[in-house]
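Per chain, numbering begins at 1; letters A, B, ... match sequence-line order.
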Number of protein chains: 2
Amino acid sequence: MSLSSFEDSKALFVRRWGEMGGYWGINRTMAEIHALLFVSTKPICTDDVMELLQVSRGNASMNLRSLVDWGLIDRIHLRGDRKEYFVCRTDVWQMFETILKQRRRREVEPIIETIAHCREMVTGSDPIATGDDSGETATYKKRLDEMQDFLHAVGTVADLLVKVGPKRIGDISKMMMKLAG
Amino acid sequence: MSLSSFEDSKALFVRRWGEMGGYWGINRTMAEIHALLFVSTKPICTDDVMELLQVSRGNASMNLRSLVDWGLIDRIHLRGDRKEYFVCRTDVWQMFETILKQRRRREVEPIIETIAHCREMVTGSDPIATGDDSGETATYKKRLDEMQDFLHAVGTVADLLVKVGPKRIGDISKMMMKLAG
DNA sequence: CGAAACTTTCAATACTCTCTGAAATTAAGA
DNA sequence: TCTTAATTTCAGAGAGTATTGAAAGTTTCG
């Protein structure tokens, strides 16, 4: 194994992680910076990011800050150096938990709330009295309820998955396999 | 409940579903059309979509086709009518399975493959002979492996979740709760 | 076949998100 | 305090997506 294949390997990972970021609503540069820190054993500063990813200072700064805000990386200070450095929180399960929490808050909770609200709007009064076709609203209500139940179910499983963590993941698989028959 | 509150409720759901689509890398119009079909008990045609969502014929046509390609909606024909109509596959668990399958193929598999490739690039030869810092590559390898394991674990659980379906979801929660406890 | 009804395509345009780079701000050391 | 290093901000440029609308294509039926 040559030194260059080590560097090449890391570069490949960074590129791919960046590409994937796009699919997940995360901008490419942010994902690449994250990958860079994930595969780096040493802390990295803004200038390193600029050099390695060929992006502007502003871009590097903004995205590093976003990553800190998301809780995916940390700022650190090296003694005898005025610059700020950054390191990745490398525990993948913790990483997952962090992302899960944020995305759920921003992307799942609002839809759950909206469904609840939609549900209220069509709940209560007598459909016949209002001349409403009760068959139609009944179907609508059912679909909303099923979606709501589903979203809750997935949320619960995701939470538990994180709680259970990497150690017992095998146990879970086995059990679910039994249930799935 | 008035007729208008029924319509308002559906409109609210459509708007929110569209907004959320953005977060998930799905364009707003596509998500809105999907929502429209999800809350509609009757089949809907291109002109309905144009009218209800205020979009052009081209836009409606393109996005309807994408939804058919994804397997989220179906084309149908109504007797005595030349137009094509569309209906949503309303089973949310099936919907989830469909989306899961597609996104995994496009967004998870490639990163898993890349990690495997990255891993190969730094596997094998003697680090000391090549003057490589074995501590650094060892850390790198470990991180790649952890990420790989994690991605596989999540994939497995997601698959099983779909297999188990809505009926036993309660059982799963209980079991995981015990493990997590 | 030919006309009418309907659908798809795609070049041009509008829009949204990302990035740059230099100015403003903040922090550290003399 | 002043000077210098480092960081942040943000208006404008650029890149990438989504949308329109009209022309081309397809299907249905007399």
Under 3.5 Å, side-chain donor or acceptor atoms of residues 27-35 of chain B against the rest of the protein: list the pairs with distances, not counting sequence neighbours.
from	atom 1	to	atom 2	distance (Å)
B:Asn27	OD1	B:Thr29	N	3.0
B:Asn27	OD1	B:Met30	N	3.0
B:Asn27	ND2	B:Asn63	OD1	3.2
B:Arg28	NH1	B:Glu32	OE2	3.4
B:His34	ND1	B:Trp17	NE1	3.2

(message) Tell me every residue that passes ring-ring contact (aromatic ring centres under 6.0 Å, His included) with A:Phe86, counting only those two or more places apart in sequence or in another chain.
(response) none
(request) Could you work out the complete set of other residues in the hydrophobic cluster of B:Met62, with links drawn between I, L, V, M, F, W and Y side chains under 4.5 Å apart? (result) none
(message) Can you pull out every side-chain hydrogen bond (donor to acceptor under 3.5 Å, both in side chains) where at least one residue sits in residues 85-95 of chain A? Sequence neighbours excluded, please.
(response) A:Asp74-A:Arg89, A:Asp81-A:Tyr85
(request) Check every nucleotide of DNA chain D for an atom under 4.0 Å from a heavy-atom of chain A, then give the first and the last such nucleotide from 5' to 3'. (result) D:dT4 to D:dC10
Below 3.5 Å, can you tabulate the donor-acceptor pairs from side chains in residues 45-55 of chain A to any protein atom, sequence neighbours excluded?
from	atom 1	to	atom 2	distance (Å)
A:Asp47	OD1	A:Arg57	NH2	3.0
A:Asp48	OD2	A:Cys45	N	3.0
A:Gln54	NE2	A:Glu51	O	3.0

(message) In whole Å, I'd like the distance from the CZ atom of B:Arg75 to the P atom of C:dT7.
(response) 9 Å
(request) Output the distance between atom CD (B:Glu107) and atom CD1 (B:Ile112), rounded to the nearest 0.5 Å. (result) 12.5 Å
(request) Can you tell me the distance, in whole Å, between the CG atom of A:Leu53 and the P atom of C:dT18? (result) 16 Å
(message) Holding to side chain to side chain contact (heavy atoms under 4.5 Å, CB included), I want the full list of residues that pass it with A:Ile99, two or more places apart in sequence or in another chain.
(response) A:Trp70, A:Leu72, A:Arg103
(message) With the threshold set at under 4.0 Å for non-hydrogen atoms, list the residues of residues 58-66 of chain B touching DNA chain C in residue-number order.
(response) B:Gly58, B:Ser61, B:Met62, B:Arg65
(message) So, using salt bridge (Lys or Arg N to Asp or Glu O under 4.0 Å) as the criterion, who are the partners of B:Lys163 when residues are at least two apart?
(response) none
(request) Using the test salt bridge (Lys or Arg N to Asp or Glu O under 4.0 Å), find all partners of A:Arg15 that sit at least two apart in sequence or belong to another chain. (result) none
(request) With rounding to the nearest 0.5 Å, note down the distance linking CZ in B:Arg104 to CD1 in B:Ile111. (result) 14.5 Å
(request) Starting from P on C:dT7, measure out to CD1 on B:Ile44 and report it in whole angstrom. (result) 14 Å
(message) At a heavy-atom distance below 4.0 Å, what parts of residues 17-40 of chain A sit against DNA chain C?
(response) A:Asn27, A:Thr29
Can you check nucleotides 27-30 of chain C for protein contacts, nitrogen or oxygen pairs under 3.5 Å, and list what you find?
from	atom 1	to	atom 2	distance (Å)
C:dA28	N3	A:Arg82	NH2	3.3

(request) Evaluate the salt bridge (Lys or Arg N to Asp or Glu O under 4.0 Å) criterion for residues B:Glu113 and A:Arg16: first the C-alpha distance (whole Å), next the side-chain angles of each, then the deciding distance (0.1 Å), finally the verdict. (result) CA-CA 10 Å; B:Glu113 274 172 41; A:Arg16 177 67 86 175; 5.9 Å; no
(request) To the nearest 0.5 angstrom, please state how far the CD1 atom of A:Ile73 sits from the OG atom of A:Ser66. (result) 9.0 Å
(request) Indicate, with yes or no, if B:Phe38 and B:Val87 share a hydrophobic cluster defined by side-chain heavy-atom contacts under 4.5 Å among Ile, Leu, Val, Met, Phe, Trp and Tyr. (result) no
